[in-house]
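Working notes for the structure below.
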Amino acid sequence: MDIASKYDPSQTEDKWYKYWLDNKYFKSVPDEREPYTIVIPPPNVTGVLHMGHMLNNTIQDILIRRARMSGKNALWVPGTDHASIATEAKVVNKLKEEGIDKDDLSRDEFLKHAWEWTDKHGGIILKQLQKLGASCDWDRTCFTMDEIRSKGVIKSFVQLYNEGLIYRGVRMINWDTKAQTAVSDEEVIYKEVQSKLYYLRYKIEGTDDEYVTIATTRPETILGDTAVCVNPNDDRFKHLKGKRVLVPLINRSVPIIEDEYVDMEFGTGCLKITPAHDINDYEIGMRHNLESYDILNDDGTMSEAAQLYVGEDRFEVRKKIVEDLEKAGNLVKVEDYTNKVGFSERTDDVIEPKLSTQWFLKMKELSKPALDAVMNDEVVFHPKKFKNVYRHWMENVKDWCISRQLWWGHRIPVYYLEDGSYVVAETAEEALQMAKEKTGNQNLTMDNLRQDEDVLDTWASSWLWPITVFDGFEEGNKDFEYYYPTNDLVTGHDIIFFWVARMIIAGYHFKGKYPFKNVYFTGMVRDKLRRKMSKSLGNSPDPLDLIAKYGADGVRVGMLLCSPAGGDLLFDESLPEQGRNFANKIWNAFRLVKGWEVSSDIEQPESAKQAIVWFEQKLNQTIALVDDHFSKYRISDALMAVYTTFWQEFSSWYLEAVKPGYQQPLDAETYKATVEFFDKLLRLLHPFMPFITEEIWHLLDERKKGESIMISDMPVATGINDEVVEQFEVAKEVVGNVRTVRKEKNLPMKEQLTLSVLSANGDYNTMFDEVVKKLANLKEIAKVDEKVAGAVSFMVKTNEYFIPMEGIVDVEAELKKLEEELKYQQGFLASVTKKLSNERFVNNAPEQVVAREKQKQADAEAKIKTLTASIENLKK
RNA sequence: GGGCGAUUAGCUCAGUUGGUUCAGAGCACUUGGUUUACACCCAAGGGGUCGGGGGUUCGACUCCCUCAUCGCCCA
């Protein structure tokens with residue numbers, strides 16, 4: 001058989017993905033098996049795949065494939081998110097490029113454009129996931145704005161409203177002037193910026209030349225000032241009590257008030273109060289019954305209430321007003337200042353705190369069960385450290401502003417009557433019925449009702465995701481009953497509040513049960529310089545290019561090799577390269593095995609028998625280790641365990657040990673065992689590297705039509721004999737020592753040597769002698785009763801080994817080596833003896849530990865005896 | 001300003017209830033090796049006072065305090 005010496009992923013990946021799809025292996029329907037479910041964190045419908053998705057979905061696929069091979073009914077539900085503000089912004093931009101202004105469109109016209117855009121670009125990202133090998137049940141693909149999901153969102157709103165948890169109110173919210181909508185606290189990103197601190201003086205009313213000086217970073221907001229505030233404990237301002245000052249330029253008379261909120265150390269100790277445009281000022285305003293002037297329009301220009309600069313942009317006004325204040329003699333000084341300013345996560349607009357009428361969800365009571373669930377590990381976080389972060393947020397949770405002044409989203413199911421009152425209903429028809437009952441007027445028609453213009457926050461649909469993907473708001477839904485709660489959620493820790501916390505809240509509130517049992521938080525993918533990967537920095541490789549270059553398996557391995565749960569992953573192309581190299585290693589191991597001529601006429605060599613005895617145990621040990629890692633969600637460690645087992649143990653030790661001589665056939669028994677080992681290793685590897693394992697699995701042995709490694713059984717450990725594994729480690733050490741001697745003494749590998757062994761306590765174990773002979777290229781291993789003269793020696797455990805050198809032994813070098821070893825052993829013995837002569841150690845330490853120390857002591861003593869004798873011998 | 005976390009080999013990180021002279025892995029590096037699966041390879045090797053200081057303990061990379069540096073989240 002002619003097999004290429006390099007593995008070529010492009011020849012296999014699409015082929016096998018199609019095969020899996022054709023055979024419907026990803027599909028899941030409820031049956032008698034135990035379910036294992038993951039719901040995908042839905043990517044933005046118009047988004048493109050980035051490295052974060054790669055990491056995330058690789059992990060999900062690994063979990064799903066492993067569960068599927070372990071006898072579970074595994075279901076991975078895919079889908080996309082309508083991403084209200086992000087998508088709307090994209091559509092607005094696209095229309096602008098076409099010369100269309102959103103303001104000129106009706107709601108319906110705009111939505112038509114948005115749907116067209118969604119249909120065109122939506123789902124590209126899911127196609128990209130298929131390249132990665134994602135084994136999602138694509139027939140179940142959901143969209144947060146499709147019919148079923150929308151119905152669930154509306155139902156949940158109505159329910160929460162009826163429970164008294166949703167209210168409408170005027171509150172200070174975060175206003176995005178670009179998107180012209182409110183955004184939630186979580187959508188505001190605080191960034192440090194270089195700005196100026198302006199010191200402005202306000203004339204005290206009724207005086208000619210007395211002033212108070214305040215400091216502000218936002219001088220344009222003085223037009224909305226309704227007070228100046230000092231700390232009541234501040235002696236400097238006692239004389240101002242009860243007086244009033246005049247706001248510069250507009251000469252509005254405002255009171256001087258006292259509030260402990262004011263930091264006496266900051267600025268001048270005098271604070272201007274603008275209740276309409278600062279959250280703290282707002283609260284002070286509430287306490288002191290201050291007036292409030294909203295000086296900004298929704299687009300960020302000055303409003304009529306500002307009196308001056310009406311219609312001009314807030315940042316332009318900032319420059320102008322400083323000049324005007326200077327002219328008017330109110331500007332005292334300007335200092336450089338670094339402060340933190342809130343920016344919109346989506347539009348990067350500077351957020352304006354603004355008073356606005358919005359819909360809110362009361363969170364305090366709602367979050368209680370969700371907080372408890374995580375604290376007592378009913379929902380388990382991996383890694384645990386995120387429990388603290390979660391608790392902190394949940395204990396300080398604020399009401400959630402759920403309305404957005406956008407069109408792309410779920411329209412709020414609130415219907416206003418002409419008198420300003422409203423009804424809340426799932427449909428317009430129901431709303432009309434309720435309105436009729438409410439007013440007693442049976443003649444009302446739809447025309448008398450006006451639905452709220454706003455839509456809901458995107459997360460108000462995604463927080464229901466684990467429920468709505470199974471249509472869980474329908475009573476008695478079989479799918480929901482079978483698959484819910486789901487098992488694992490895999491997501492970035494950056495959306496712990498946006499999404500994870502709220503899903504848990506929704507799970508308990510609507511279904512009385514957690515939505516998922518485990519949460520695996522991935523880190524952020526960063527570049528080598530620890531910068532977040534982003535489009536604007538251009539530091540993110542295109543995942544599809546990477547797949548083309550290194551293969552999906554290679555990229556998957558690369559993502560995982562360096563991604564502990566919750567820790568950031570510093571991405572570098574050397575990672576997928578390492579993954580690709582590993583794939584090639586597997587390929588060549590296969591090439592070797594497949595290239596052997598197999599004969600049932602020859603006897604199985606003793607060395608092969610021994611190697612098989614060992615590897616069977618070694619493999620068992622690895623299987624158990626991998627199980628253990630998975631049970632603790634140490635997925636990188638699990639991969640590393642299989643990686644080293646395949647590369648070091650299987651390829652470098654086992655295959656070398658059973659390999660026949662050049663152009664010699666292999667006996668049938670060894671071949672059979674080798675193929676079985678290979679098969680098990682492939683199955684262990686399959687969740688990590690689905691494509692190459694499927695390819696080789698089919699080439700390795702006869703397979704029936706429709707068979708696949710992805711539905712084969714995950715190997716299970718069947719009792720490990722540690723003694724065998726340990727003994728082989730000794731054999732490895734002997735081989736390694738012989739190799740070192742060869743190198744040091746320039747003995748070619750081809751030259752057969754004789755190894756003599758002197759066993760101190762007669763416990764020399766011959767279990768793997770034949771393997772040692774083969775791998776070290778030895779004529780024989782001879783047992784001797786006394787030291788061999790004129791030989792190079794080394795020790796493994798308490799046995800001393802000799803390689804005769806026929807007169808070319810460098811006595812000085814040998815002596816030096818032995819004396820170094822002796823010194824080390826003496827130091828070791830000293831430390832052990834010290835420990836053992838410490839009564840408190842012997843009395844306090846566990847028995848096992850003491851016994852181990854005693855064994856160490858005995859071994860060291862034996863070694864020292866041997867070494868001393870050898871040195872004496874050499875000196876003769 | 002509040003909180004969380006990190007600091008271990010040149011780099012990225014493990015080190016799982018404190019117990020082998022336990023300081024480890026991968027990559028990188030050095031040296032040697034190719035007619036006999038793979039140079040995307042094989043073999044051998046160098047390299048760290050576990051951020052500094054203090055404490056608890058028979059025993060500390062591991063627990064406590066403190067300082068320094070860095071990162072993240074929140075206001």
Side-chain angles (χ1 to χ4, degrees), chain A residues 3-7 185-186 188-190 263 279-280 340 342 383 385-393 396 398 493-494 496-497 523-524 526 528 530 532 550 554 561-564 566-572 574-575 577-596 628-629 632 634 636-637 639-641 643-644 647-648 651-652 655-656 659-664 735-737 739-744 746 748-749 775 824-825 827-832 834-846 848-853 855-857 859-860:
Chain A
I3 311 171
S5 71
K6 289 209 176 1
Y7 172 63
D185 292 340
E186 286 69 34
V188 180
I189 318 249
Y190 288 87
D263 178 359
I279 179 69
N280 296 309
K340 293 220 172 156
K385 66 177 180 184
F386 288 107
K387 278 172 79 172
N388 280 328
V389 182
Y390 178 85
R391 187 184 62 213
H392 192 254
W393 189 77
N396 297 289
K398 302 222 176 59
H493 62 71
D494 53 334
I496 181 168
F497 310 129
M524 300 288 98
R526 296 171 183 280
K528 264 178 135 177
R530 289 198 180 269
K532 250 185 197 171
Y550 301 106
L561 276 176
C562 205
S563 60
D568 283 351
L569 156 61
L570 273 60
F571 185 82
D572 182 82
S574 68
L575 294 171
E577 193 184 314
Q578 195 184 336
R580 178 204 58 187
N581 293 354
F582 183 43
N584 200 52
K585 184 70 193 180
I586 301 169
W587 181 252
N588 274 289
F590 159 69
R591 210 158 71 96
L592 173 69
V593 171
K594 210 57 197 175
W596 284 331
D628 184 53
H629 283 317
K632 291 163 184 158
R634 289 192 203 131
S636 301
D637 289 348
L639 170 61
M640 197 39 86
Y643 179 95
T644 46
W647 203 314
Q648 309 304 328
S651 297
S652 296
L655 288 181
E656 291 300 331
K659 198 176 183 175
Y662 182 48
Q663 292 194 332
Q664 298 292 307
V735 172
N737 270 295
R739 284 172 178 165
T740 309
V741 170
R742 279 183 190 277
K743 193 175 174 185
E744 281 173 356
N746 276 321
M749 197 48 210
L775 294 181
Y824 174 88
Q825 290 300 337
F828 178 52
L829 179 63
S831 83
V832 175
K834 189 180 160 203
K835 204 181 256 190
L836 282 169
S837 57
N838 183 337
E839 265 180 52
R840 285 197 286 184
F841 170 72
V842 180
N843 294 337
N844 293 329
Q848 281 179 327
V849 176
V850 178
R852 218 156 42 200
E853 292 298 315
Q855 180 63 49
K856 273 162 31 181
Q857 187 182 36
D859 285 355

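Because only heavy atoms are used, hydrogens play no part in the values below, and waters and symmetry mates are left out as well, while side chains stay in. Chain letters run A, B, ... following the sequence lines, proteins first, then strands; residues in each count from 1.
When the P atom is compared between B:G71 and B:U56, the two are found 35 Å apart, to the nearest whole Å.
By the salt bridge (charged side-chain N to carboxylate O under 4.0 Å, His left out) test, A:K6 is found to be paired with no residue, residues two or more places apart in sequence or in another chain being considered.
Checking B:A75, B:G5, B:A39 against every side-chain atom of A:K6, the shortest atom distance belongs to B:A39. Of the candidate nucleotides B:C42, B:C40, B:U16, B:U16 has the atom lying nearest to any side-chain atom of A:K632. The nucleotide whose nearest atom lies closest to any side-chain atom of A:N581 is, among B:A25, B:C40, B:A43, B:C40.
Taking 3.5 Å as the limit, the base of B:C38 and the side chain of A:K585 contain a donor-acceptor pair of atoms between them. Side chain A:E656 to base B:A37: a donor-acceptor pair is found below 3.5 Å.
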Side chains of residues 578-586 of chain A: which donor-acceptor partners sit under 3.5 Å, not counting sequence neighbours?
| residue | atom | partner | partner atom | Å |
| --- | --- | --- | --- | --- |
| A:Q578 | NE2 | A:Y643 | OH | 3.2 |
| A:N584 | OD1 | A:Y7 | N | 3.0 |

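Distances shown here put a side-chain N or O of A:S652 below 4.0 Å from the OP1 or OP2 atom of B:A43.
Contact annotation for A:F497: backbone-only contact, meaning every heavy-atom pair under 4.0 Å involves sugar-phosphate atoms and none involves a base. Using a 4.0 Å heavy-atom distance criterion, A:R739 is classed as a sugar-phosphate-only contact.
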message = Dot-bracket, 5' to 3', for RNA chain B please: Watson-Crick or G-U pairs under 3.5 Å, [ ] where pairs cross earlier ones, | where the partner sits on another strand, dots elsewhere.
response = (((((((..((((.....[....)))).(((((.......))))).....(((((..]....)))))))))))).

